[in-house]
Amino acid sequence: QVQVVESGGGLVQAGGSLRLSCAASGRAFSSYTMGWFRQAPGKEREFVAAVSWVGGSTYYADSVKGRFTISRDNAKNTVYLQMNSLKPEDTAVYYCAAESGWVFTTTPARYDYWGQGTQVTVSS
């Protein structure tokens, strides 16, 4: 069983920055695709960013491209989401997830393990 725990959320003004962290347990962390998703009130969970198992490939939603950066440190079993130039529409609960089947995907249903989420609120 893999445990995923997010941290780093909070309240920030528009234009500000936050860095989310996600710590995952398990010796196979370096083989997982790691993704960040978000869910705003009344909306479906949506893909934000993903990084492949060795970090060589990343992919972003169009809405965050150029503002957010996903990275991972396999030595620390941790993945990060650096969020810059935040906008009020970025307000959501952000979830970290792990995909253990060697698949690089943006589809939430393909991810096997999820964290509890961390709230990000961007004020205007």
Side-chain angles (χ1 to χ4, degrees):
Q1 185 70 17
V2 175
Q3 291 187 328
V4 178
V5 180
E6 305 97 336
S7 61
L11 173 64
V12 64
Q13 288 188 334
S17 299
L18 281 175
R19 189 176 82 154
L20 304 183
S21 298
C22 170
S25 64
R27 297 179 180 179
F29 175 81
S30 61
S31 69
Y32 300 154
T33 292
M34 298 299 296
W36 285 97
F37 297 80
R38 66 187 182 187
Q39 188 166 17
K43 294 188 177 181
E44 293 187 353
R45 189 169 300 187
E46 65 174 1
F47 169 77
V48 175
V51 59
S52 64
W53 37 93
V54 294
S57 297
T58 56
Y59 192 77
Y60 298 91
D62 287 342
S63 59
V64 307
K65 201 172 295 183
R67 300 188 297 123
F68 291 11
T69 302
I70 188 171
S71 62
R72 66 189 297 161
D73 184 340
N74 286 342
K76 296 182 178 180
N77 278 22
T78 301
V79 63
Y80 304 97
L81 185 68
Q82 178 65 44
M83 304 186 295
N84 299 329
S85 301
L86 282 162
K87 305 175 181 180
E89 51 264 44
D90 294 318
T91 295
V93 177
Y94 282 71
Y95 297 91
C96 178
E99 195 289 325
S100 61
W102 298 94
V103 176
F104 189 51
T105 179
T106 66
T107 304
R110 296 298 302 269
Y111 284 76
D112 305 294
Y113 307 103
W114 290 81
Q116 80 290 349
T118 186
Q119 177 70 47
V120 172
T121 302
V122 184
S123 63
S124 58

Q.
As an exercise, state the distance from OG1 of Thr118 to CG of Leu18, rounded to the nearest 0.5 Å.
A. 9.0 Å
Q. Does any pair with a residue in residues 90-109 pass ring pair (Phe, Tyr, Trp, His ring centres under 6.0 Å), and if so which ones, sequence neighbours excluded?
A. Trp53-Trp102
Q | N/O donor-acceptor pair under 3.5 Å between Thr33 side chain and Glu99 backbone | A | no
**Q.** Sub-4.5 Å side-chain heavy-atom contact between Val2 and Asp112
**A.** no
Q.
Between Cys22 and Val4, is the side-chain contact (heavy atoms from CB on, under 4.5 Å) condition met? List the steps.
A. CA-CA 7 Å; Cys22 170; Val4 178; 3.2 Å; yes
Q) Is there a chain of hydrophobic side chains (I, L, V, M, F, W, Y, each step under 4.5 Å between heavy atoms) that links Phe68 to Tyr80? A) no
Q: Mind listing the closest non-hydrogen atom pair of Ala92 and Gln39 along with its distance?
A: CB-O, 3.5 Å
**Q.** Thr105 side-chain N/O to Thr107 backbone N/O, donor-acceptor pair under 3.5 Å
**A.** yes
Q: Specify the closest pair of heavy atoms between Phe47 and Ala61, including all atoms of both residues, with the distance to one decimal.
A: O-CB, 3.5 Å
**Q.** ILVMFWY cluster, Trp36 and Val122 together (side-chain gap under 4.5 Å)
**A.** yes
Q | Derivation and outcome, side-chain contact (heavy atoms from CB on, under 4.5 Å), residues Arg38 and Val64 | A | CA-CA 12 Å; Arg38 66 187 182 187; Val64 307; 3.9 Å; yes
Q: Could you tell me whether the side chain of Thr121 and the main chain of Thr91 form a donor-acceptor pair under 3.5 Å?
A: no
Q: Considering non-hydrogen atoms only, spot the tightest contact between Arg72 and Val51 and give its length.
A: NH1-O, 3.7 Å
Q) Is the CZ atom of Arg110 crowded by more than 12 outside heavy atoms at less than 6.0 Å? A) no
Q) Ignoring hydrogens and geometry, is there a side-chain-to-backbone donor-acceptor pair from Asn74 to Phe29 under 3.5 Å? A) no
Q: Answer yes or no: does atom CD of Glu89 have more than 12 heavy-atom neighbours from other residues, nucleotides or ligands under 6.0 Å?
A: yes
Q: Mind listing the closest non-hydrogen atom pair of Gly9 and Leu20 along with its distance?
A: N-CD2, 3.6 Å
Q) Shortest non-hydrogen contact from Tyr60 to Ile70? A) OH-N, 2.9 Å
Q.
Nearest 0.5 Å, please: how far is OG1 in Thr69 from CZ in Arg19?
A. 11.5 Å
Q. Is the Phe37 ring parallel, tilted or perpendicular to the Trp114 ring (thresholds 30°, 60°)?
A. tilted
Q) With sequence neighbours left out, what residues match Lys43 under side chain to side chain donor-acceptor pair (under 3.5 Å)? A) none
Q) Got a salt bridge between Lys87 and Asp90, using NZ or NE/NH1/NH2 to carboxylate O under 4.0 Å? A) no
(Q) Could you check whether any side-chain N or O of Glu6 sits under 3.5 Å from a backbone N or O of Gly117, counting only pairs where one atom can act as donor and the other as acceptor? (A) yes
Q: Mind listing the closest non-hydrogen atom pair of Arg67 and Ser85 along with its distance?
A: NH1-O, 2.9 Å
Q. Any sub-3.5 Å donor-acceptor pair from Asn77's side-chain atoms to Ala23's backbone N or O?
A. no
**Q.** Tyr59 OH: over 12 foreign heavy atoms closer than 6.0 Å
**A.** no
